[in-house]
Amino acid sequence: MKAKVRAKPKGVAWAGEELSQKQIDRGSALQTRYRPEAKYSWAAGQAMSRFLEELQNGKLIARKCHACQRTLFPPRMFCEQCYRPTDEWVYVKDSGTIETFSVSYLDKDAKRITEPIFVGVVSVDGASPQMGMMHYFGEVTKETIRIGMKVKAVWKPPPERTGSVLDIRYWKPIPEGRR
Amino acid sequence: MRKVACIGAGMTLFRRRLKETPKELCWEATRMALDSAKLEMKDVDAVVTGSAPDAFDGVHQKGEYYADGCGGFRKPITRVFTGGGTAVFSPIAAWWHVASGLADIVLVVNEEKMSSCYPHPQSVFAHIWDPILDRPLQPNLVWIFAMEMNRYMTVHKIKKEDIARVAVKNKRNAVAHPAAQLADAKITVEDVLNSEMMAWPVQRLDISPPSDGASALVLASADAVKRLHVESPVWFDGVGWCIDSTMWTDRDLYFPEYLARASQMAYKQARIDQPRKQIDFAEPYDPFDYKELHHMEGLLLCNKGEAPKLTREGVTQRDGDLPTCPSGGLLGIGNPIAATMGIKVGELYWQLSGQAGKRQIPKEIHTGVTNAWGDLMQFSSVVVMRA
């Protein structure tokens, strides 16, 4: 295909004037600054309130949908697939399989850290296949951790639990042959 | 439904920080698009605009805040938002304005100014996570890409160097783009593999940068194309979009099923049943290098796990059989989220109308496809265009 027209005539600069980090830091580029104060308190809802309560008891709980027969974890009060109410609470195990993971040298603000965070998705035993949650992994190294590894939850002692996903400290490998 | 064409496009430079305000960026991109279509604002029936989270700009309802810059003045204006998917979704929203017969000429303007969030927009990205299940773990946005990339690599036994080839290709392609922020003619696979480890397997050069920028398109009905004697209209032949469940820890991250569904929706409309044969080039969404591969598979341009092989064999180079990201992509030009419309749908327009200059694909091209991806990693939008 032959070019008949040109997106921008020759010699015309594309719009935009770049500012450097220095100009921002030194304040030599005119700017105004503002820091919002916004705080939130989220109601956990029907499904998550029970889920968090059970975490305090050292248990993981799911919801069963009798239409598709799936055991939904994390639990929800309606099945998004069947679009009907879920039917019953069922406990699932605090063991599972690493579906995927990362070895992170970034903290929440993208700041660099030297001791990496092991984080990933663990599918829990007793829930439908590949249903799980994001969490930390511990007692692993970047050489030993792998997808497919069987893991078990390491709980905080009961008095320290607050009804949070952090009531599980991390998930640690289950030694081979002790499944 | 009426036929809809793209008849003009414009964009600003993409840079880490730009002096211009969101409104000024919109004005610059819109003016360029109108000039290229040889139109004035009085010819425009309606405006559609797209931008990602308000928190980047620190101004709620920023669609209204920057509307003047888009010509959204005493005209019907609509802002749409599907996260990163906005880049290809707002042109779809503009398409239905024209296809339905509601409007003859519609402007689409996308803007993003990520540098306002200081010192790094990462602190705003943190707010996309589920407040109960995910946020107590203090997640970083890069984690999700790292987890998805690891799953994809492991399931298909893909080597990291085959993923790094995408970053190399795109950053080299970007050398030919006047707006590029991170073009690099000399980058090598080793440079990518030796770059800083962020969250294994994601390294610094696997990632596109945060950017400021704006882009604009002019869409017109077939009647308007005829009336205006448009030289090289490029037609929208198919559009599709689809979302998966936000319960992202309940699905296998190795394949974007929602994108396959969005593609099928668009291909059905475009009467495409063999995408690999009927599509000449693609602009898959590439915020990370592996995402181009993931999206080529989701766009059904190859089998699952085959995209790294096509890349290794040079098939996706600008002069290859199936060029991907001939623009230079987000990896090379920059990633001002919604504004990447200019290097996705915009690049399809420039390539198919023969206006891509140094970036022009050397072979004869008739059909291109592009996608964008966003929300909490579960939404995709697809557009098929024909010359």
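Predicted model only: the values in this text are computed from it and were never measured. We name chains A, B, ... by the order of the sequence lines, and we start the count at 1 in each one. All values below come from the heavy atoms of this structure, side chains included, with hydrogens, waters and symmetry mates left out.
- Residue S123(A): no heavy atom, backbone or side chain, is found under 4.5 Å from chain B.
- With a 4.5 angstrom heavy-atom cutoff, P74(A) touches chain B via backbone and side-chain atoms both.
- Summarising the local packing, NZ of K19(B) is surrounded by 12 or fewer heavy atoms from other residues, nucleotides or ligands at distances under 6.0 Å.
- Remark: Y40(A) OH to H127(B) NE2 distance equals 7.5 Å, nearest 0.5 Å.
- A perpendicular orientation is assigned to the rings of W143(B) and Y136(A), their planes being inclined by more than 60° (bins at 30° and 60°).
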*Start with the C-alpha gap between M11(B) and W14(A), add the side-chain angles, then the distance that decides, and say whether side-chain contact (heavy atoms from CB on, under 4.5 Å) holds.*
CA-CA 8 Å; M11(B) 63 189 273; W14(A) 287 47; 3.3 Å; yes
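- In this structure, the separation between OG on S164(A) and CZ on R135(B) is 13.5 Å, given to the nearest 0.5 Å.
- R26(A) CZ: 12 or fewer foreign heavy atoms inside a 6.0 Å radius.
- Counting only distance, with no hydrogens or angles, the side chain of N150(B) and the backbone of T100(A) share no donor-acceptor pair below 3.5 Å.
- With hydrogens and angles disregarded, no donor-acceptor distance shorter than 3.5 Å links the side chain of R15(B) to the backbone of G16(A).
- More than 12 heavy atoms of other residues, nucleotides or ligands lie within 6.0 Å of CD1 in I113(A), so this atom counts as buried by the packing criterion.
- Going from atom CG of L133(B) over to atom CZ of F51(A) covers 5.5 Å, rounded to the nearest 0.5 Å.
- Contacts between L253(B) and chain A at a heavy-atom distance below 4.5 Å involve the side chain alone, from C-beta outward.
- Contact annotation for I117(A): only side-chain heavy atoms (C-beta onward) come within less than 4.5 Å of a heavy atom of chain B.
- How far CD1 of I147(A) is from CE of M147(B): 11.0 Å, rounded to the nearest 0.5 Å.
- Open room surrounds NZ on K172(A); 12 or fewer heavy atoms of other groups in view lie less than 6.0 Å from it.
- Looking only at side-chain heavy atoms (C-beta outward), L18(B) and E17(A) stay at 4.5 Å or farther from each other.
- Of the atoms belonging to L19(A), heavy atoms from both backbone and side chain fall under 4.5 Å from chain B.
- Other residues, nucleotides and ligands contribute more than 12 heavy atoms inside 6.0 Å of the CZ atom of R84(A).
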*Would you check, one step at a time, whether the test ring pair (Phe, Tyr, Trp, His ring centres under 6.0 Å) holds for F101(A) with W200(B)?*
CA-CA 9 Å; F101(A) 67 90; W200(B) 185 90; 5.7 Å; yes
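- Your options are E196(B), R16(B), Q181(B), H120(B), and the one with the most heavy-atom pairs under 4.5 Å with chain A is E196(B).
- Around CD of E143(A), the count of heavy atoms belonging to other residues, nucleotides or ligands within 6.0 Å exceeds 12.
- Residue contact with chain B, scored on non-hydrogen atoms closer than 4.5 Å, involves the side chain of L166(A) exclusively.
- In this structure, no portion of W27(B) lies under 4.5 Å from any heavy atom of chain A.
- Residue contact with chain A, scored on non-hydrogen atoms closer than 4.5 Å, involves the side chain of Y118(B) exclusively.
- Contact annotation for A29(A): neither backbone nor side-chain heavy atoms come within less than 4.5 Å of a heavy atom of chain B.
- M48(A) touches chain B through its side chain: at least one heavy atom from C-beta onward sits under 4.5 Å away, while N, CA, C and O do not.
- Between Y254(B) and E99(A), every side-chain heavy-atom pair lies at or beyond the 4.5 Å cut-off.
- Contacts of Q21(A) with chain B are made by both backbone and side-chain atoms, with heavy-atom separations under 4.5 Å.
- Surrounding CD of E80(A) are more than 12 heavy atoms belonging to other residues, nucleotides or ligands, all under 6.0 Å away.
- Listed for the T249(B) side chain is no donor-acceptor partner under 3.5 Å among the backbone atoms of M134(A).
- Using a 4.5 Å cut-off between heavy atoms, R251(B) contacts chain A through its backbone alone, with no side-chain atom that close.
- No other option in T12(B), L137(B), N140(B) has as many heavy-atom pairs under 4.5 Å with chain A as L137(B).
- The main-chain N or O of R17(B) is never found under 3.5 Å from a side-chain atom of E18(A) such that the two would form a donor-acceptor pair.
- Around CZ of F255(B), the count of heavy atoms belonging to other residues, nucleotides or ligands within 6.0 Å exceeds 12.
- Between R76(A) and D250(B) there is a side-chain heavy-atom pair separated by less than 4.5 Å.
- Heavy atoms of A43(A) lying under 4.5 Å from chain B belong exclusively to its backbone.
- For R35(A), no part lies under 4.5 angstrom from a heavy atom of chain B.
- Residue L52(A) touches chain B through its side chain alone, counting heavy-atom pairs closer than 4.5 Å.
- The candidate from M197(B), R151(B), Q122(B) with the greatest count of non-hydrogen atom pairs under 4.5 Å with chain A is R151(B).
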